[in-house]
**Q** 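Can you keep this structure in mind? I'll have questions shortly.
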Amino acid sequence: MDLAFTPEEQQFREEVRAWVRANLPPDIAHKVHNALTLSRDDMQRWAKILGKKGWLGYGWPKQFGGPGWNAVQKHLFEEECALAGAPRIVPFGPVMVAPVIMAFGTPEQQQRFLPGIASGEVWWSQGYSEPGAGSDLASLKTRAERRGDKYIVNGQKTWTTLGQYGEWIFCLVRTSTEGKPQTGISFLLIDMKSPGVTVRPIRLLDGECEVNEVFFDNVEVPVENLIGEENKGWTYAKHLLSHERTNIADVNRAKRELERLKRIAKTEGVWDDLRFRDQIALLEVDIVALEMLVLRVLSAEKSGKQSLDIAGLLKIRGSEIQQRYSELMMLAAGPYALPLIREAMEAGWQGDAALGALGGFPGGVVANAPLASTYFNMRKTTIYGGSNEVQRNIVAQTVLG
Amino acid sequence: MDLAFTPEEQQFREEVRAWVRANLPPDIAHKVHNALTLSRDDMQRWAKILGKKGWLGYGWPKQFGGPGWNAVQKHLFEEECALAGAPRIVPFGPVMVAPVIMAFGTPEQQQRFLPGIASGEVWWSQGYSEPGAGSDLASLKTRAERRGDKYIVNGQKTWTTLGQYGEWIFCLVRTSTEGKPQTGISFLLIDMKSPGVTVRPIRLLDGECEVNEVFFDNVEVPVENLIGEENKGWTYAKHLLSHERTNIADVNRAKRELERLKRIAKTEGVWDDLRFRDQIALLEVDIVALEMLVLRVLSAEKSGKQSLDIAGLLKIRGSEIQQRYSELMMLAAGPYALPLIREAMEAGWQGDAALGALGGFPGGVVANAPLASTYFNMRKTTIYGGSNEVQRNIVAQTVLG
Amino acid sequence: MDFDFSDDQLALREAVARWVEKAYPFERRRAIVAAGGFDRGVWAELAELGLTGLTVPEDDAGLGYGAVEAMVVMEELGRGLVLEPLAQATIAARLLAGYAEPALRAEWLPRLARGEALIALAHQERRARYRLDVCDAEAQAGDGAAGYVLSGLKNLVPAGDHADAYLVPARLDGALALFLVPRGTGVATRGYGTQDGSRAADVQFDRAAAILLTGEGLAALELAQDLGIASIAAYAVGVMDRTLAVTVEYLNTRKQFGVPIASFQALRHRVADMKMQLELARSMSYYASLKLNAPADERRRALSRAKVQLGHSMRFVGQQAVQLHGGIGVTDEYIVSHYFKTLTQLEMTWGDTLHHLGEVSARMQDTAGVFA
Amino acid sequence: MDFDFSDDQLALREAVARWVEKAYPFERRRAIVAAGGFDRGVWAELAELGLTGLTVPEDDAGLGYGAVEAMVVMEELGRGLVLEPLAQATIAARLLAGYAEPALRAEWLPRLARGEALIALAHQERRARYRLDVCDAEAQAGDGAAGYVLSGLKNLVPAGDHADAYLVPARLDGALALFLVPRGTGVATRGYGTQDGSRAADVQFDRAAAILLTGEGLAALELAQDLGIASIAAYAVGVMDRTLAVTVEYLNTRKQFGVPIASFQALRHRVADMKMQLELARSMSYYASLKLNAPADERRRALSRAKVQLGHSMRFVGQQAVQLHGGIGVTDEYIVSHYFKTLTQLEMTWGDTLHHLGEVSARMQDTAGVFA
């Protein structure tokens, strides 16, 4: 038992750190460190930089061009990226669909799709959720009817994150209504430029459009875009979900945001307020405990000796912590988190110098501009990716049988 | 809308206060104010004093010899008793069985049983719970078989509070196994001196024996001890439960105990510790909010204009607050709540003077002796009287339909 | 001890509720938010209902109602998430009636009552956060008719760029005093929307003509705060009442795994906890309004207690309502996210939960209870 | 970064677990509680297993094991609710090995290791509550061989009336120093049971012969406290693991309304939350033990963090286990109430949650995480 990383692991961390520091564009890091608006270009710029290095698919095995890192190395990479202020990798291509293509796709599909994912050239979206199917995913209704060498797809997906930028989308579609709901589902890759595909952004409570509805109206999809066997899509999707591991706790981001919270508390004059400071201290304890939980899972994965089936706990705790730090940041600013000036969330906003003291962000600290929006936005974390209620069901099932 | 009591109500309060102060034995008040052990004699002494005044059955209508007070007057009486340090009235006779006898008993039963209850002469116990039936009371199994002019009772009751002192017990017994579980239940009064009745105290986690198991082995009960009709006992029991109103919140006791908590915090040096003091402040807010909730219910009862069906909320919140003040008292003393010296919980314990500094309660403050025991004991409050989980079911049913 | 509403009060509630339902549908509100967060037309409608003059004395052309009527009105406005800051009228009515000289009173109160003048309290300064005694704005004797000139920068003044006059705390010879500053020369504003969709402004006073209301500025400001707390407590109860109602409706409608999600016990218990928080908040809203006329010390302690309970209730009810709605709970389209954002903003208005916990803690006495 | 146990550690765990199961059934424990809360025979059995000398250096007749082995042992003792205060041996071993002169070391450590000498830390004073730097006991140079005489009253010394020597902080010329005081003239004790069933004593020192261990008393005491925290953290994880297990068993067995109560979703979610608290506590118990050899500042911060998490976990798991058991949860007969009482006492041992939250708060740095 040892808390320290091995010398090799530390060496690995140093290398990653040096590379990230040298290659992460400072303007992007600035935005991430201050929760300013990231554009499509920002996200893709970083993806391509990683792609060029071969690290966009940082979880990929070597045979598919990935670095072949183990669980600890992946964690260290994620941590270094997070602490340096790199944007989160948009996961739908490299983290979500790629492993399915690797595991269940044909060699042709692998050659056709993986390079564009690895390089960051092609933007993928996810088409799972439907208006009627939230936690009950198996009840999905989007139909794909086989007609010759094509599927005709009709229906609607929703909550498609960043789908407004999507070029391809992987979808669960119903190809049969026989048997249990799970059995008639297939896994289909769809070109979003196909006629009949419409994307409608959904405005969220923070005013941003981060998710979308995607409508399919007689969309023709070549049968060679089917992954694996027809009606077996549920199995592949579960395989994919099992790939979401320790990263769902997002503890590295939490550590970075805890630092930011402390900076904000100092600026806002509540760092020396015992009551407020205690709230930060509690959060600090929570984050350390979460990190230890993550490290235990990583260690178990590395050694293979113990099995720790506590992914549900990571999701629950990680999301609660994300909500809490965003809440505390907002509360730290207090009244000065209340002005809603959307332009002030853009990097480089200077206000209107002609107005003098009235031209800047109220109170003068523009870093407060995005705090309430972030807090509002973070409410999603206990809802998506299997709501925390569903996660508690799963944990209870594990414990109670 | 007015927060103040009417002049008549205030006048009433003054009268009750003066009488209670003049008649409550100081040795009993001292024990209550310091959570010292109350003997059977202490409890009955106070009951008889109240009985003589005609206030033991303070909720009774005038026709049965009660004072005929309205809801507000009853509340004021309870508050004055609580703040003065009177022991809680043992409810099984005057508060629980008496209303059932008044509503469903024959005139003979009323004449036979009510005077002994009103005077505090006869100690009653409650026989509802059974080992197999907790929240699911209707599944009770204790049988009463009719043989001529007697019932033969066999079975077991449990959690019978202070049953070791009981002279009579009112029981729910099964007289039929047909139909729904609720329909075969009867309400029977049993003389605990009858052959075949055995009382076995249950030791609780605080080391005290406040509840008991009561065994019935071929106990003969005259049929004239049946209340109302055979197999209708469930209805009568529900009537009784509906009589437990605002008093279940026990807010008056909470106010008294909040004062005690503040005294303890000062003695233990945590009154000036901002962190600890904040916990008291939070509790103070909770108690004020609970009191307002209670007053709203009382006002609604008094005017009859609105119906406020929030008894479940009172039980949940009241019990949580009882647990919290007992927890904070214990935490205030901290290490000095840990010695378990049972004699030190008795009034007048002086320790062993011959031992000098080693002869007293560790740390020297004997008021700390009962704190942990009280905390342990208070865990029952969220379990009994319909567990808080059951109460939440009921509240949810009211809200969601 | 009586928590029934009088027939008058019920009629008032009914009138406001009817106006909210008919005249202030969610679509109109959405349009007002998009247009900046404040609508003069709505203000005029509120005036027509008598609400801007609700607590203005009858001698000053108001209705002369008290705290309970104000509470009833605010609760109904909360149900409709009405953006226009009626609480400002309540505050201005009380401060002017309490502190203004007869002539000043006669100049402003009738106009306030008729909705012709919007008078906003401009107290928030950067260095103060929630502390009322921290103030950098300064006043000094001037040579104009108003008597004083006042300089300073105030943030987050409700509808401050629409206001016709301001109630402004400022230092006068080092002590905190309260002034009335009519909008005019030396007053510059910059308006912006806030998180709940309503409007606020930064207001810069540069040797603006100011009339002294009282040299006891802190006492006046504490009174203003306590009126503000009572107002938002009532408003929040209205919001939470609706929040719980739409959540209940959603849970009974939405199906998962073939059954209404209202059938899941974990969610049912959450609803029970929401009901608990709502009823505690409602109780403390009554308490807050009924304590407004108590002696200053008692009033101050009571209102802080109320704000602590409200803070807990608003956070729990708001967050859980979003959670129980799932995905649609975080969309702009469904109303529940707007309830949530409003409840969030109210927590940070007039001092947040931790701030008022500190007040309660500092003001604790040996005994406590509703009547203490 | 590796949280697997070595084969040695697993064997040790297995040995202790076997002893607990065979030699320390609940009935024996109950008898020990009734007899006062400490049993010399059990202490001898622990010594036979090598546990009293587990962390005593090999040169001093111990096993020379480290913090992880101590953690493994304490966790298993926790599963059995073992009353005898083995943590005291760990503390004494470290303090004597770290501070005692060779001759003193040779005199006491082998006896400690063999279980012949029970050495208890006697630090709790009335005025101190949880503060380590508050101490009224005083020492001064004496004329005996020990060098010093020490006077003062210490409370809540674990098994203090059975101890053969005491580690005692006292003021020496105003500064806090740490002494070894063998039991003898000038030492009087009075033992009593504590809430968890174990034994403690008040110990009165009256010009008792004392040997100076170190003039850096606060540093030594902080080290003792941190060892104590790590010990009880591990012990508590053992207790909580069993607490959850018996609760799960109960929920799956007990029926209400015709179904096992484990089928009620609200209770299931409570169990999920208990599991969460258990795993967070287990994680922080590892963290606590693995940080024991870190530099003093880092160690101090880490151990306070651990105690905060443990405090939350112990309270939640203990209270909920009782609640989920319903009536039998509050009886003396069923073991769950004993788990609960032990967890309660552990919260108030070596500083409660609020105390250590204060420590974390005071020691916060800009960055934070497991490795900071």
**Q** Are the side chains of D:V330 and B:I383 in touch, meaning some heavy atoms are under 4.5 Å apart?
**A**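 In short, these two side chains touch, coming nearer than 4.5 Å.
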**Q** I need the minimum non-hydrogen distance between B:G334 and D:M348, along with the two atoms involved.
**A** O-SD, 3.6 Å
**Q** For B:E327, is it the side chain, the backbone, both, or neither that has a heavy atom closer than 4.5 Å to a heavy atom of chain D?
**A** side chain
**Q** If you measure only the distance, is there a donor-acceptor pair under 3.5 Å linking the side chains of B:E389 and D:Q323?
**A** yes
**Q** Of the non-hydrogen atoms in B:I202 and D:T331, which two are nearest, and what is the gap between them?
**A** CG2-CG2, 3.7 Å
**Q** Between D:Q124, D:H338, D:R270, which shows the greatest number of heavy-atom pairs under 4.5 Å with chain B?
**A**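 Going by pairs under 4.5 Å, I would pick D:Q124.
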**Q** Need one label for D:Y130: side chain, backbone, both or neither, based on atoms under 4.5 Å from any heavy atom in chain B.
**A** side chain
**Q** Side chain from CB out, backbone as N, CA, C, O: work out which of these in D:V203 comes under 4.5 Å of a heavy atom of chain B, or both, or neither.
**A**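 Backbone of D:V203 only, per the 4.5 Å heavy-atom cut-off to chain B.
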**Q** Side chain, backbone, both or neither: which part of D:D202 has a non-hydrogen atom closer than 4.5 Å to chain B?
**A**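 Both backbone and side chain of D:D202 come within 4.5 Å of chain B.
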**Q** Out of curiosity, D:K341 NZ to B:S373 OG, how far, rounded to the nearest 0.5 Å?
**A**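 The NZ atom of D:K341 sits 8.0 Å away from the OG atom of B:S373.
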**Q** So how far is it from D:Q195 CD to B:L340 CG, rounded to the nearest 0.5 Å?
**A** 4.5 Å
**Q** Compare all side-chain heavy atoms of D:N155 with those of B:P335 and state whether any distance is below 4.5 angstrom.
**A**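 No - every pair of side-chain heavy atoms lies 4.5 Å or more apart.
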**Q** If you count the non-hydrogen atoms of other residues, nucleotides and ligands that lie under 6.0 Å from CZ in B:F215, is the total more than 12?
**A** yes
**Q** Do D:D332 and B:L204 come within less than 4.5 Å of each other through their side chains, counting heavy atoms only?
**A**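 Counting from C-beta outward, D:D332 and B:L204 never come under 4.5 Å.
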**Q** Can you see which heavy atom on D:R126 is nearest to which on B:N368, and at what distance?
**A** NH1-ND2, 3.8 Å
**Q** Heavy-atom pairs under 4.5 Å with chain B are the metric here; pick the option from D:R315, D:E347, D:R127 that has the most.
**A**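 Looking at each of D:R315, D:E347, D:R127 in turn, D:R315 comes out on top.
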**Q** Taking atom CZ of D:R207 as the centre, does the number of heavy atoms from other residues, nucleotides or ligands within less than 6.0 Å exceed 12?
**A** no
**Q** Return the CG to CD distance between B:L358 and D:Q204, rounded to the nearest 0.5 Å.
**A**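 Answer rounded to 0.5 Å: 5.0 Å.
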**Q** Could you tell me which portion of B:V270 (side chain, backbone, both or neither) has an atom closer than 4.5 angstrom to a non-hydrogen atom of chain D?
**A**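 The side chain, not the backbone.
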**Q** Locate the shortest heavy-atom distance separating D:V322 from B:R379; write the atom from each residue and the value.
**A**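 Scanning both residues completely, I find the closest heavy atoms to be CG1-CB, 4.1 Å.
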**Q** Any donor and acceptor pair, going by atom type alone, linking the side chain of D:R129 with main-chain N or O of B:A332 inside 3.5 Å?
**A** yes
**Q** Would you say the side chain of D:L354 lies within less than 4.5 Å of the side chain of B:Q279, judging by non-hydrogen atoms?
**A** yes
**Q** Measuring heavy-atom distances to chain B, does D:I328 have an atom under 4.5 Å in its side chain, in its backbone, in both, or in neither?
**A**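 For D:I328, backbone and side chain are both near chain B.
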**Q** Is the ring centre of B:F361 less than 6.0 Å from the ring centre of D:Y192?
**A**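 No, the ring of B:F361 stays outside the 6.0 Å limit from the ring of D:Y192, centre to centre.
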**Q** How far apart are the closest heavy atoms of B:Y375 and D:Q319, and which atoms are they?
**A** OH-NE2, 2.8 Å
**Q** Could you have a look at D:A188, D:G258, D:G326 and say which one has the most heavy-atom pairs with chain B under 4.5 angstrom?
**A** D:G326
**Q** Do other residues, nucleotides or ligands put more than 12 heavy atoms under 6.0 Å from D:K255 NZ?
**A** no
**Q** Is the shortest heavy-atom distance from the side chain of B:R275 to the side chain of D:S361 under 4.5 Å?
**A** yes
**Q** Check whether any side-chain heavy atom of B:F376 lies under 4.5 Å from a side-chain heavy atom of D:T344, and answer yes or no.
**A** yes
**Q** Using 0.5 Å steps for rounding, measure from the CZ atom of D:R190 to the CG atom of B:L355.
**A**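 Answer for the CZ-CG pair, D:R190 versus B:L355, is 7.0 Å.
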**Q** Rounded to the nearest 0.5 Å, what's the gap from CG on B:L331 to NE2 on D:H355? Could you check?
**A** 13.5 Å
